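All chains are named by letter (A, B, ...) in the order of the sequence lines, taking the proteins before the strands, and each is independently numbered beginning at 1. Source: prediction; values computed, not measured.
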There are 2 protein chains.
Amino acid sequence: MRADRLVSMSQTPDSAVRTYIEQHRAAFLDDLTAWLRIPSVSAQPDHAPDVRRSADWLAARLKETGFPTAEVWQTPGAPAVFAEWPSGDPEAPTVLVYGHHDVQPAAREDGWDSDPFEPVVRGNRLYARGAADDKGQVFFHTLGVRAHLAATGRTTPAVNLKLLVEGEEESGSPHFRALVEEHAGRLAADAVIVSDTGMWSEDTPTVCTGMRGLAECEIRLYGPDQDIHSGSFGGAVPNPATAAARLVAALHDEHARVAIPGFYDGIVELTDRERELFAELPFDETRWLDTAKSRATHGEAGYTTLERIWARPTAEVNGIGGGYQGPGSKTIIPSSATVKLSFRMVAGQDPDHLEKAVRAWTGTQVPAGIRHEIRFGAATRPCLTPLDHPALQSVVRAMGRAFEKSVRFTREGGSGPAADLQEVLGAPVLFLGISVPSDGWHAPNEKVELDLLLKGVETSAYLWGDLAEHWRPTP
Amino acid sequence: MRADRLVSMSQTPDSAVRTYIEQHRAAFLDDLTAWLRIPSVSAQPDHAPDVRRSADWLAARLKETGFPTAEVWQTPGAPAVFAEWPSGDPEAPTVLVYGHHDVQPAAREDGWDSDPFEPVVRGNRLYARGAADDKGQVFFHTLGVRAHLAATGRTTPAVNLKLLVEGEEESGSPHFRALVEEHAGRLAADAVIVSDTGMWSEDTPTVCTGMRGLAECEIRLYGPDQDIHSGSFGGAVPNPATAAARLVAALHDEHARVAIPGFYDGIVELTDRERELFAELPFDETRWLDTAKSRATHGEAGYTTLERIWARPTAEVNGIGGGYQGPGSKTIIPSSATVKLSFRMVAGQDPDHLEKAVRAWTGTQVPAGIRHEIRFGAATRPCLTPLDHPALQSVVRAMGRAFEKSVRFTREGGSGPAADLQEVLGAPVLFLGISVPSDGWHAPNEKVELDLLLKGVETSAYLWGDLAEHWRPTP
């Protein structure tokens, strides 16, 4: 079976669904705008009250949507939101939708054309931090389930619908696994639908079949006990900024392969068939570079750009700092330097093994006279979805009806805690996302395309009926 | 002649000088404290009014000291102070004292135990930014010349005394050479005495015979037009923080030699005799490391620590920054990164040649897809003093009388615009400094030892009479 040929064009859109969405579009966008105004930045401690406010807001909104249960779940960090709307049909599948309500840091001075937390529509786009990642994509399910009910005349969804919207995804989900384990009974599902990914492009709807994992660490390098004069001491003591630079420089070999011994241990290599599927996508490197705001591709030798971002692990420096960074100059040897690294993992890589490898390697790289500390955050595992799962076919059909186009397959270079859900709940993980690469995740001027957002609503409206109709999971 | 055996112990201190200094010590320290309160940070544009205020303060104070002429000299940057006190003797030597009234940036949160611009005496030390570098060492000449007059009964100094105190030394003296050229007539001197260096230790008075030069540059590396998501794009485009790190890492080879082609062109190598003189100093590496606040020595293979800091050129990274440096993490590929480098030059190195070499080398290091810009500041040339100059012998004798000890010879790892004075005025440059390595130049908790500061006053008091007595420069 060729998973990428599953879409039947006999799946036609439903005018009742479209009419309902059109009638409620304005109120839906007003509500989303209100939510986007809450700066729920989980990585910045001073925004903790905002993350809490975001959770409260969402729980209240889900109750208004009709979910009989909508609760804020505390964690040792930021709170998550759980909601549940039973079908009433004992044989209906149970589906858990996953998303997150926290957002990346953002400040006007980073290069935003407008306040990142004052949403604004320009053209057919809604600009705000979180518009695409991930509030917009969580929120389309609220209007989606109402459209599903309105079009089918039901008073409950055709599936047992659960939502879990976490508050620490942008901080590496440090408490997510414990939360899922604690509430595993209430979260139990036959499938997990993750709405925190994207699709190929405005014109090419796709379903994502895998995500990379993520491990992050901060390495601090300490040299002199204080900044010292580069004239009096320069050339005779080790400089921690030099040590930091040499560490980062040593991350990759001359083929841009990660040079940390053991880094590639156990990884699932791409099959020839997967490489063919990637190669079939209408990839235009010039346009991709435009989306990446970059001037050249660069990466591991022997792999295409899509293979590099979807199926190969990486080591990137997300931040480096040491010494004087103000205006003018300061002739010092700095006292310390810091490197923030992140590693994208692919299926087969183990975060604990990776952490050990990075720690061991760093120890061999740091010169005498420089002390170092490494702090790892919680890791997110990689995951891959089986291409032939019946629930995946439902997602593809629902998306095909909404977009009126064939649906192709991609993977996602980004990371999410989907793998924890798969592992703890024992349920397959599927991806339903409508964001496009130009949406600017984690970047200034993040936006969502309003047309695609409403296609997301529509896909959600079709999905629950399709799942209930085509899938009777064996208990 | 062995220059290091010049000191005759028959030179004895003068009780009239010592009495005068003791009587005026308190007022002298009060005045210095008032000057140190002015945060004359030349590298930070918002402190420009303070640098101006510092110049005005000093000119007024020099007039009170008795200098018939004391003027503030404007430059396109920060102002300098010039003062002149003729001897009246047509055959007396003319001496120009050089120092600077600007200071390095300093902020309490850098690790100061007290406000850097609120001077405080703890023990026998005066703590403040500029206490040693360089206000304290400029200021000892004011009480020095008064003590000289009081002890000799003169109403004018025994030499034609000039002072030039610049306001941009900590910013690389960008307008100093032009200033000296503009006023070359009024600055004309038979010798230049630079009071902006240090001596070996509290117990070992020394005269410095050379300084390293300084060239500084900032290299900016630009990657994506904005920060981009490290998941969506990581592993497939060049990262400017990685490029910055690789650039810094490539600065040195495995022998810690600077790897920039042409860097060592033309340098004056150490002679065996100079290496012997260095080796005779009571150098204790453990104590030196303590002063350097460092845990290990590290530098160019084949040279001792003293040779590395006094007589070998260096490349140091003073600051590096790129990407996210706030709390927590941010999974981005940064849009840009910046490296601040400084190069210490030794005699024979040419700043223009160095700049060309750095620019050419950087061009070969930066990868495709990364754009770069290099900005060089004004350079300071290296200089060396002839060991057998008669004026140097006067400095050694004056210092020997004040300290009642043999005076040895050092060089200085730091840099100053002395070479410009030597070049433009055609006068030899001598060094008279009383700062010690623990004074923390450019670092938090900069201080000056009060006992040594007063020995500086005393040396200054003896020097003018000794010069007039032993030296009749041929016109």
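Per-residue counts of heavy-atom pairs under 4.5 Å with chain B were compared for Ala337(A), Ala236(A), Ala256(A), Gly172(A); the largest is that of Ala236(A). Interface check for chain B: of the options Ala315(A), Pro45(A), Ser329(A), the most heavy-atom pairs under 4.5 Å are formed by Ser329(A). Contact count against chain B (heavy-atom pairs under 4.5 Å) is highest for Gln325(A) among Arg375(A), Met211(A), Glu412(A), Gln325(A). Between chain A and the options Gly413(B), Pro224(B), Gly328(B), the largest number of non-hydrogen pairs under 4.5 Å is found for Pro224(B). Note: Ala292(A) leads Ala292(A), Ala241(A), Ser294(A) in heavy-atom pairs under 4.5 Å with chain B. Among Ala368(B), Gly111(B), Pro105(B), the residue making the largest number of heavy-atom pairs under 4.5 Å with chain A is Pro105(B). Between chain B and the residues Asn445(A), Ile228(A), Asp110(A), the largest count of heavy-atom pairs under 4.5 Å involves Ile228(A). Across Gly414(B), Gly235(B), Gly299(B), the residue that shares the most heavy-atom pairs under 4.5 angstrom with chain A is Gly235(B). With respect to chain B, the highest number of heavy-atom pairs below 4.5 Å among Ala43(A), Ala244(A), Pro334(A), Pro238(A) belongs to Pro238(A). The candidate from Leu214(B), Asp133(B), Asn318(B), Thr242(B) with the greatest count of non-hydrogen atom pairs under 4.5 Å with chain A is Asn318(B). Among Asp227(B), Ile320(B), Thr314(B), the residue making the largest number of heavy-atom pairs under 4.5 Å with chain A is Ile320(B).
Contact annotation: the side chain of Phe278(B) never approaches that of Phe283(B) to less than 4.5 Å [non-hydrogen atoms, C-beta and beyond]. Using a 4.5 Å heavy-atom threshold, the side chains of His372(B) and Gln365(B) count as separate. Side-chain contact check for Trp288(B) versus Val237(A): some heavy-atom pair is nearer than 4.5 Å. The shortest side-chain heavy-atom distance between Leu341(B) and Ile219(B) falls under the 4.5 Å cut-off.
Of the two parts of Lys340(A), only the side chain, counted from C-beta on, holds a non-hydrogen atom closer than 4.5 Å to a non-hydrogen atom of chain B. Only the side chain of Gln44(A) has a heavy atom closer than 4.5 Å to any heavy atom of chain B. Proximity to chain B involves both the backbone and the side chain of Ser230(A), based on heavy atoms less than 4.5 angstrom apart. Heavy atoms closer than 4.5 Å to chain A are found nowhere in Thr338(B), neither backbone nor side chain. Interface remark: Thr297(A) contributes backbone and side-chain atoms alike to the contact with chain B (heavy atom separation under 4.5 Å). Heavy atoms closer than 4.5 Å to chain A are found in the side chain of Gln104(B), but not in its backbone. Residue contact with chain B, scored on non-hydrogen atoms closer than 4.5 Å, involves the backbone and the side chain of Thr291(A) alike. For Glu216(A), the part lying under 4.5 angstrom from a heavy atom of chain B is the side chain only.
Salt bridge Asp225(A)/Arg295(B): present, at least one basic N to carboxylate O contact under 4.0 Å. Glu218(A) has a carboxylate O that lies under 4.0 Å from a charged side-chain N of Arg220(A), or vice versa, which qualifies the two as a salt bridge.
Ring geometry for Phe343(B) against Phe263(B) counts as tilted: the plane angle lies between 30° and 60°, on a 0 to 90° scale. Relative orientation of the Trp441(A) and His229(B) rings is perpendicular, given thresholds of 30° and 60° on the angle between their planes.
Shortest non-hydrogen contact noted between Ser171(A) and Pro174(A) is O-CD, 3.5 Å.
A donor-acceptor contact shorter than 3.5 Å is absent between the side chain of Glu316(B) and the backbone of Ile332(A). Judged by distance alone, with hydrogens and angles left aside, the side-chain atoms of Arg371(B) form no donor-acceptor pair with the main-chain N or O of Gly223(B) at under 3.5 Å. A donor-acceptor pair under 3.5 Å links the side-chain atoms of Asn239(A) to the main chain of Val317(B), judged by distance alone.
Proximity to chain A among residues 301-313 of chain B is limited to Thr305(B), Arg308(B), Ile309(B), judged by heavy-atom separations below 4.5 angstrom.
Defined by atom type and a distance below 3.5 Å, a donor-acceptor pair is present between the side-chain atoms of Arg344(B) and Ser415(B). For the residue pair Glu300(B)/His252(B), the side-chain donor-acceptor check at 3.5 Å is not satisfied. Donor-acceptor pairing under 3.5 Å is lacking for the side chains of Lys293(A) and Ser335(B).
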